[in-house]
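What follows is a short report on a single structure.
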Amino acid sequence: MKEYALMMIGAALVNNVILARFLGLCSFMGVTTRIDTAAGMGLATTFVITVSSMADWAVQTYLLAPYGLGFLRTVTFILVIASAVQFTELTVRKVSPSLFQMLGIYLPLITTNCAVLGVALLLVESHMNFLASTLFAFASSLGYSLVMVIFAGLRERLALAPVPRLFAGPPIGFIVASLLAMAFMGFSGISTG
Amino acid sequence: MIRLSDRNTVEGIVRVVEVQDGVLWLQPEQTSTCGSCASAGQCGKGIGSLARRNEARRFSIAHQDGLGLGVGERIVVGIAPRILVKAALIAYGLPLTTALAAAGIAQSWFGGDLATLLAAATGLACGLWMARLGARRLSASGELAPRFLRRAKPGESDGGKSES
C-alpha cells in the first residue's frame, strides 16, 4: 500500500506530466482560460488516460509482448486511445445526452493530446502489474488536472493584473508556467530526501 | 461551445436550426479544437467530421415568447460553471472511482492481473450505470439545461475574436 501511495505522489507531483515531462502543453495553454473549463477538461482527460492505460496494458501484456509485436506498439496504442475516446463519447452520449452536449467539446481534444500516449508508453517501460499501472496512469492524470486548474486560476488573476503590453497574453502565460514548473521542482525533494 | 465570459456563466454561441411550438432546436457553433494555436484549423479533424459531431450535439431549449428568433440566427446560451464541474464529476469521476475501487478489492482478494482487469471493467460498467442515474437526477432538476442569454453580436465567435 505504501509503495502504491509513493508511486502515485511521484507520478502526480514529482514527475508531473505537464511540468516535468512537458506533455499535453497544447491543452495546458489552450483550455486554461478559466478554472471551470480547465477542471472539465482535466476530468475528461483523467478518464480517458486511465481507461486507455487499462486497455493499453492488456494489449501490451496479452498481445504485443507474447507475439513479439513490440514494433507495433506506438501505432497500436494510438488506435487504442482513439477507440477509448470514441468509447467515452458514445458512453457519455448514451448515459446522458445532456452531459454529452455540455462536455462533448473536450473529447476530440483529448485524442490529439500527447499526454495520453506519453503515459501509456511510460507504463510499458516501467513493467508494472495491472493495478500499479492503472494507479500510475490515474495519478499522472490527476497531476495533469491539478496543474491545469492551478494554471487556470493564475491566468484568471493575470487577466485582471496590469501586464506590460509586450508581455500580455501568451508571453506572460509562459513566464508564469515556468515559475510554476520551478515551484513543482520542490516536490522532487520528496523522492530524494 | 464554451468560452470565457463573466464569472457567473459559461457561454457558448449556437445557431437556431429549427423552431417548433415552444421549443428552439440549437446546434453548437464551435471548432473541434481549443482554437488557441496555429494548428487549430487542422487539430482533431480526422476524428469524424465536425458537421456530424455538431449535428449529434443538437439540443433544445424552451422557446421564450417575444424573442422572435428565426432559423439561422446565432444566439448566446449559458450555464452555471458549478454545473459544468458537477456534470464532469458525475460523467467521469464516478465511473473511475468505482473502477479503481473494484480493481483494488480484486487485487487484494485474488492477486492476479486478469482478475483485477475484469474487476476494473465490471467496476467501470457499474460506475457508468450509476453515472446514468446521477445524470438523470441532474437533468430532471433542470440544472443541465442551458439558458438563452442574448443574440450573438455580428462577427462574434466562440473564441471571442471577430470573424473576417
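Letters go in sequence order (proteins before strands), and every chain restarts at 1.
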Open item on the list: I need the minimum non-hydrogen distance between B/Leu117 and A/Met54, along with the two atoms involved.
Closed with: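 Minimum heavy-atom separation between B/Leu117 and A/Met54: CD1-O, 4.4 Å.
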
- [ ] Quick one: closest heavy-atom pair of B/Tyr92 and A/Leu43, and the distance?
- [x]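 The answer is CB-O, 3.7 Å.
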
TODO: Please determine, among B/Leu96, B/Leu133, B/Leu128, the option with the most heavy-atom pairs under 4.5 Å with chain A.
DONE: B/Leu96

- [ ] Sort B/Ala106 into side chain, backbone, both or neither according to what part of it lies under 4.5 angstrom from a heavy atom of chain A.
- [x]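 Neither part; nothing is under 4.5 Å.
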
Task: Under 4.5 Å from any heavy atom of chain A - which part of B/Ala103 - done: both

TODO: Could you tell me which of A/Val48, A/Thr61, A/Thr46, A/Asn129 has the largest number of non-hydrogen atom pairs under 4.5 Å with chain B?
DONE: A/Asn129

Treating Ile, Leu, Val, Met, Phe, Trp and Tyr as nodes and any side-chain heavy-atom pair under 4.5 angstrom as an edge, say whether [X] and [Y] lie in one connected cluster.
X: B/Trp129; Y: B/Leu118; answer: no
X: A/Leu135; Y: A/Trp57; answer: no
X: A/Phe22; Y: A/Ile150; answer: yes
X: A/Val80; Y: A/Leu69; answer: yes
X: A/Phe174; Y: A/Ile18; answer: yes

TODO: Please indicate whether A/Tyr67 has more than 12 foreign heavy atoms, meaning atoms of other residues, nucleotides or ligands, lying under 6.0 Å from its OH.
DONE: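 Open.
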
Task: Residue A/Thr88 versus chain B: region with a heavy atom under 4.5 Å - done: side chain

Task: Side-chain touch A/Val51/B/Leu124, heavy atoms, less than 4.5 angstrom - done: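 Of all side-chain heavy-atom pairs linking B/Leu124 with A/Val51, at least one is under 4.5 Å.
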
